[in-house]
Amino acid sequence: MAIKITPHQLSGGIAVPPSKSMAHRAIICASLAQGRSVITNIEYSKDIEATIGAMKSLGTMIFEHEDYLEIDGTTTFMKNQCEINCFESGSTLRFMVPIALVCENNLHFTGEGRLGKRPMQVYYDIFDQQGISYLYRENVLDLYVRGRMHGGEFHLPGDVSSQFISGLLFALPLMDEDSRIVMTSPVQSKGYIDLTLQMLDMFGIQIENHDYQEFMIKGGQRYQPCDYRVEADFSQAAFYLVAGALNNQVCLQDLNNESYQGDKVVVDLLCQMGCQYTETTSGMCMQSNGLKAISIDGSQCPDIIPVMALACALSSGTSYIHHIGRLRIKECDRLKATVEVINQLGGQAIEMEDAMEITGVEKLQGGQVSSYHDHRMAMMEAIASTVCLEPVIIDDEQCVEKSYPRFWEDFQQLGGVFDECKLGE
Ligand SMILES: O=C(O)C1=C[C@@H](OP(=O)(O)O)[C@@H](O)[C@H](O)C1
Ligand SMILES: C=C(OP(=O)(O)O)C(=O)O
């Protein structure tokens, strides 16, 4: 299917969905803790369903209620031989691999879409060093792993995905041996390591972080159950904050301004571009009287780059977003896709290997674009429609289910107008 969005200004209040990153982590930690934990403010996106399913496959009892989970983490490591379907969730895959290998196990990881094309070599190198058997197919997630991971010394690059580091940080405290992770290149997406360490701390696990260059992990630790309410998601809020920056009137409820989420930087970036971030009785609002160009280092906040690029496309002057080569290994090649969409809608963007240059225009034209089967591209395109002169047609709009299943309902509630259509119409 596809949708045709008629340009309209958005206005109203929105309850920001719960953080996907925090929900993954809370479900994992609760599953590894002996006893009952209750995780509230849960939304069942495809990625979160993947992590719930993965933990259930390993033997955890998870009781799913409308918007909360009761988790009994007692039996996690009783199951040997299981299949873990990660759907398209990179986080689920990279977090579950070491966790599932804390005990001798025989695993089959499957997934969908582009997940089988996203990097896994960091783990294959560890498997080679530790004598863990594995078999995989190129470009399709169909990975068999047999063996057990041991603690010890791990040397990893920091510039592929922080999810490998998080995965090891979840698993290594449960191993008999003490461990040390040494980064062989500077860590990118640091904010996600902070979220992992914050959640581990809440569940009773201690890790020493030596300035993201080295992590010291004592073995033989035990997760303690904990009740936790998932905080609102700054990566999703970013779409509405940019909408505000583009003269829509959207107020966001439930944002924690003390959050450790790295994507909270969206607020600072928009303020640097000339916006005001204000608290009203209806929530936090981003407002502007015109945006000015900016230079952004995207290495620590990859997920907000497509929508920040949209803000740049409507600002005065030329913006430069650099250190974003890793956008190419997400749900689609987001660097190429973002540049293509801005240009197809009537903006001016240039793709470089590790960067993009965007020269602002006053209005976008509109037209037909692809979602690239990538939730963050589809949501950015929906926000772009609010500053287009003509309708925006997006294919496969349902891909938002990966992280934000009620996105289109929320968009409509804010005054967004769209109809289903068949491509070619
Ligand atoms: O740990 C996490 O929750 C995430 C880490 C980031 O990945 P990288 O570390 O690969 O940048 C981010 O892009 C992803 O959406 C979520
Ligand atoms: C890249 C993302 O998620 P993941 O890596 O977990 O698939 C995302 O949500 O934008």
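Counting convention: from 1, in listed order, for ligands and their atoms alike. One is the number of the first residue; the rest follow in order along the sequence. Given the structure is predicted, the values throughout are model-derived calculations rather than measurements.
Of all heavy-atom pairs between Leu364 and Gly346, the closest is CD2-C, 3.9 Å. Residue Phe411 comes nearest to Val417 through the heavy atom pair CE2-N, 4.4 Å, listed as atom of the first residue, atom of the second, then distance.
Nearest protein heavy-atom neighbour of atom 4 (C) of ligand 1: Tyr192 CD2, 3.3 Å. Of all protein heavy atoms, the one closest to atom 10 (O) of ligand 1 is Ser161 OG, 2.7 Å. Annotation: atom 1 (O) of ligand 1 to nearest protein heavy atom, Arg25 NH2, 2.7 Å.
Around the CD atom of Glu353, the shell of radius 6.0 Å holds no more than 12 heavy atoms that belong to other residues, nucleotides or ligands.
The shortest separation from a heavy atom of Ser166 to ligand 1 is not under 4.0 Å, leaving the residue out of contact. Not a single heavy atom of His24 sits under 4.0 Å from any atom of ligand 1.
Note on Asp303 versus Arg376: salt bridge recorded, some NZ/NE/NH1/NH2 to OD/OE distance being below 4.0 Å. A salt bridge links Glu214 with Arg180: at least one charged nitrogen is closer than 4.0 Å to a carboxylate oxygen. Using a cutoff of 4.0 Å between basic side-chain nitrogens and carboxylate oxygens, Lys402 and Glu331 are scored as salt-bridged.
With ligand atoms numbered from 1 in the order given, ligand 1 contributes 2 (C), 3 (O), 16 (C) to contacts under 4.0 Å with heavy atoms of Ser21. Near Ser189, meaning under 4.0 Å from one of its heavy atoms, ligand 1 places the atoms 8 (P), 9 (O), 11 (O). Residue contact check: Pro302 has heavy atoms under 4.0 Å from atoms 11 (O), 13 (O) of ligand 1. Near Phe95, meaning under 4.0 Å from any of its heavy atoms, are these atoms of ligand 1: 1 (O).
With sequence neighbours left out, the ring pair (Phe, Tyr, Trp, His ring centres under 6.0 Å) criterion links Tyr44 to no other residue.
Here Ser162 has heavy atoms under 4.0 Å from ligand 1 in both its backbone and its side chain.
Taking the six-membered ring where tryptophan is involved, the planes of Phe164 and Tyr123 are perpendicular, since the angle between them exceeds 60° and thus also 30°.
Between Gln163, Gln188, Lys330, it is Lys330 that holds the heavy atom closest to atom 8 (P) of ligand 1. Of the listed options Asp159, Ile304, Asp263, Asp303, Asp303 places a heavy atom closest to atom 12 (C) of ligand 1.
Checking Glu70 against His65 by side-chain atom types alone, a donor-acceptor pair falls below 3.5 Å. Counting only N and O atoms by type, the side chains of Glu231 and Asn256 include a donor and acceptor under 3.5 Å apart. In summary, the side chains of Tyr372 and Asp395 do not present any donor paired with an acceptor at a separation below 3.5 Å, with no hydrogens or angles considered.
Annotation: ligand 2 has protein neighbours Lys20, Glu88, Ser89, Gly90, Ser91, Arg118, Gln163, Asp303, Lys330, Glu331, Arg334, His375, Arg376, Lys402, each with a heavy atom less than 4.0 angstrom from the ligand.
In this structure, the side chain of Asp233 engages the main chain of Ser235 through a donor-acceptor pair within 3.5 Å.
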